[in-house]
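On a predicted model such as this, the values are computed, not experimentally measured, just so you know. Atom set for the values below is all heavy atoms of this structure, side chains included, hydrogens, waters and symmetry mates excluded.
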Amino acid sequence: MVELFSMEYMTALGLTMVLLFLDSRYSRRRTVLTVCCWTVVVLMVVAAIYFAAGIDTLLNIYSLIAHIPSLLLFLTLSRFRGWRMIFQLLSTILFCAFIQHAAGLAFYVSGGSYWVLMLSYAVLSAAVILFLLRFLRPLFLQTLLELQRGWWLMCLIMAAYYVIVIYLIPGYVGYERSSTILKPAVTLLMVGFYTILIFLFTSVKKEADARHNAQLFAMELSALKSRMDAVRTAEGSIRTERHDLRHRLQTVAELVTRGDRDEALAFLNAAQDRLDESKEVRWCRPPVLDAVFSSYFSQAQRQGIRVEAEIALTDGLPVDEGEFAVVLANALENAVNANLELPPEEREIRCRIVSSPSLMLELVNACGGDVIFDDRGLPVSRREGHGLGVQSIQTFCQKYGAVCEFDLSGDRFSLRLII
């Protein structure tokens with residue numbers, strides 16, 4: 001019965017770990033419920049085969065009844081497909097094997113003490129799950145977005161470990177001496193390999209963070225520079241108007257003296273219109289966001305794009321202002337570029353954003369209507385080197401738990417984001 005308990009425990013623990021790794025395309029409640037139901041089914045099948053055919057048969061066909069069906073299930077649930085999902089499952093198998101082999105080794109060394117086995121399972125499981133939640137999961141989710149190549153090679157090495165431990169080295173750790181020595185030794189080597197992968201993932205994360213910080217700094221610098229240029233232009237216009245003010249006053253005084261009141265009023269209205277054109281437009285209170293709006297809306301208007309904006313933002317935002325500015329800049333840049341492919345009379349951008357009760361953004365722009373979406377619902381660029389803006393928005397949403405939706409309705413492309 002100890003073998004059955006170990007198999008059942010490792011099965012439940014493994015599916016729980018995959019769930020912790022998983023970035024599901026469905027709601028959390030639906031995902032958890034689906035995985036829990038599947039776990040119960042697998043546990044029942046494992047118990048039935050154990051009582052009907054024994055532990056050896058169960059080990060030989062365990063992949064067919066647990067690993068392969070679970071892979072298909074998580075491929076359906078996950079936002080990531082292919083080698084990345086396979087890597088998640090193989091990582092879980094490695095962690096389960098590490099716990100099982102370490103606990104089996106302690107069981108063997110203790111002379112077959114079941115209390116030692118239970119305690120080893122509890123301590124090792126808690127440590128591994130804590131490691132996954134606190135460190136590996138956030139690192140891994142960001143690496144899935146940033147690292148585009150090499151997943152198949154990592155999967156190949158881990159698949160080789162899988163075959164060696166399950167099929168090439170017979171026996172069960174904690175009972176046969178050979179398997180108790182060989183399997184933990186191979187697992188230890190694999191843990192070393194996985195440690196190297198963690199260092200690789202960490203370097204990828206640092207590079208992505210550095211790139212993001214550089215983008216953030218460049219965005220803030222560019223936006224603030226654009227705002228300063230606009231302020232200097234407005235100040236120059238005001239200085240010119242102030243210089244010409246005495247001449248206008250003399251002209252108005254002369255018109256009033258002659259009794260040409262209508263001409264005087266028309267002259268003053270024209271002067272007022274010129275002052276209004278020179279007046280600085282302020283879109284919102286947060287300075288960096290105001291600079292971004294000013295920069296891209298001005299760029300859009302110079303390109304003949306009609307801009308409709310309803311912006312109600314307070315100083316206190318639930319996210320970092322600089323990071324949100326990068327999201328807005330990427331979205332507005334994509335909207336401007338999409339409009340440039342259309343005739344001037346069809347160009348349009350509509351932007352609505354509020355910060356209460358939640359931070360909500362809706363950006364709608366005219367487009368050619370031929371946008372392609374991937375299986376995660378994200379727009380795909382057909383030009384090499386493009387599409388990084390969407391990845392940046394997706395990374396922001398994952399960091400702050402935001403809901404982001406891209407949609408195409410006719411000739412209008414929309415982005416909706418809620419935090």
Side-chain angles (χ1 to χ4, degrees), residues 14 17-25 63 67-68 70-98 128 131-168 186-215 330 372-399:
M17 288 183 183
V18 178
L19 182 61
L20 296 179
F21 268 121
L22 188 66
D23 184 16
S24 178
R25 63 177 62 236
S63 299
H67 293 155
I68 295 178
S70 297
L71 175 61
L72 297 177
L73 172 66
F74 287 112
L75 283 173
T76 303
L77 297 176
S78 177
R79 293 182 183 273
F80 300 97
R81 303 293 183 87
W83 293 110
R84 302 181 189 187
M85 186 62 242
I86 296 175
F87 181 83
Q88 295 178 55
L89 183 61
L90 291 174
S91 297
T92 300
I93 294 172
L94 172 62
F95 293 137
C96 288
F98 171 76
V128 170
F131 172 73
L132 292 181
L133 291 175
R134 292 290 184 87
F135 176 75
L136 191 56
R137 185 178 189 275
L139 175 64
F140 185 69
L141 290 179
Q142 183 170 357
T143 306
L144 288 175
L145 293 172
E146 300 292 339
L147 190 61
Q148 304 297 325
R149 300 178 180 179
W151 292 103
W152 68 271
L153 182 58
M154 291 183 281
C155 289
L156 182 63
I157 296 175
M158 296 182 70
Y161 161 78
Y162 177 87
V163 173
I164 292 172
V165 168
I166 294 182
Y167 295 106
L168 298 185
V186 175
T187 299
L188 188 61
L189 291 176
M190 199 62 202
V191 169
F193 169 76
Y194 205 88
T195 303
I196 296 175
L197 292 184
I198 291 177
F199 280 114
L200 171 64
F201 295 162
T202 303
S203 65
V204 170
K205 181 179 183 299
K206 289 181 179 179
E207 182 181 350
D209 290 342
R211 186 167 58 248
H212 175 74
N213 292 334
Q215 182 186 22
N330 282 314
I372 300 175
F373 295 88
D374 64 11
D375 54 7
R376 293 179 290 162
L378 303 179
V380 178
S381 175
R382 290 168 294 180
R383 292 180 291 177
E384 186 177 356
H386 293 259
L388 297 178
V390 174
Q391 294 183 16
S392 177
I393 295 173
Q394 183 71 1
T395 302
F396 173 86
C397 292
Q398 288 189 344
K399 178 177 180 179

Task: Set of residues satisfying side chain to side chain donor-acceptor pair (under 3.5 Å) with respect to Tyr162, sequence neighbours excluded - done: Ser63, His67

Task: Approximate separation, where rounding is to 0.5 Å, of Lys205 NZ and Ile198 CD1 - done: 14.0 Å

TODO: Hey, could you give me the CD1/CE distance between Ile86 and Met154, rounded to the nearest 0.5 Å?
DONE: 12.0 Å

Task: Shortest non-hydrogen contact from Gly14 toward Cys96 - done: CA-SG, 3.3 Å

Task: Within 6.0 angstrom of Phe98 CZ, more than 12 heavy atoms from elsewhere - done: no

- [ ] Supply the atom-to-atom distance Cys155 SG to Leu89 CG, rounded to the nearest 0.5 angstrom.
- [x] 9.5 Å

Task: Atom pair CG/CH2 of Leu156 and Trp151 - distance to nearest 0.5 Å - done: 15.0 Å

Open item on the list: If you define the side chain from C-beta out and look only at heavy atoms, does anything of Met190 sit under 4.5 Å from Ile164?
Closed with: no

Open item on the list: Could you tell me if the side chain of Phe87 sits less than 4.5 Å from the side chain of Leu197, heavy atoms only?
Closed with: yes

TODO: For the residue pair Leu136 and Phe95, establish whether any side-chain heavy-atom pair is separated by less than 4.5 Å.
DONE: yes

- [ ] May I ask you to test the Arg84-Ser78 pair for a side-chain heavy-atom distance under 4.5 Å?
- [x] no

TODO: Check whether any side-chain heavy atom of Leu71 lies under 4.5 Å from a side-chain heavy atom of Ile68, and answer yes or no.
DONE: no

Open item on the list: A side-chain contact here means heavy atoms from C-beta on lying under 4.5 Å apart; do Trp83 and Leu90 qualify?
Closed with: no

- [ ] Could you tell me which non-hydrogen atom of Thr187 sits nearest to which non-hydrogen atom of Tyr161, and how far apart they are?
- [x] OG1-OH, 2.8 Å

Open item on the list: Please give me the minimum heavy-atom distance between Pro138 and Leu132, naming the atom from each residue.
Closed with: CD-O, 4.1 Å

Task: Any residue meeting ring pair (Phe, Tyr, Trp, His ring centres under 6.0 Å) with Phe21, in chain and number order, not counting sequence neighbours - done: Phe140

Task: Sidechain-backbone polar pair: Arg137 side chain, Leu20 backbone, donor-acceptor under 3.5 Å - done: yes

Open item on the list: According to side chain to side chain donor-acceptor pair (under 3.5 Å), who are the partners of Ser91, at least two apart in sequence or on a separate chain?
Closed with: Tyr194

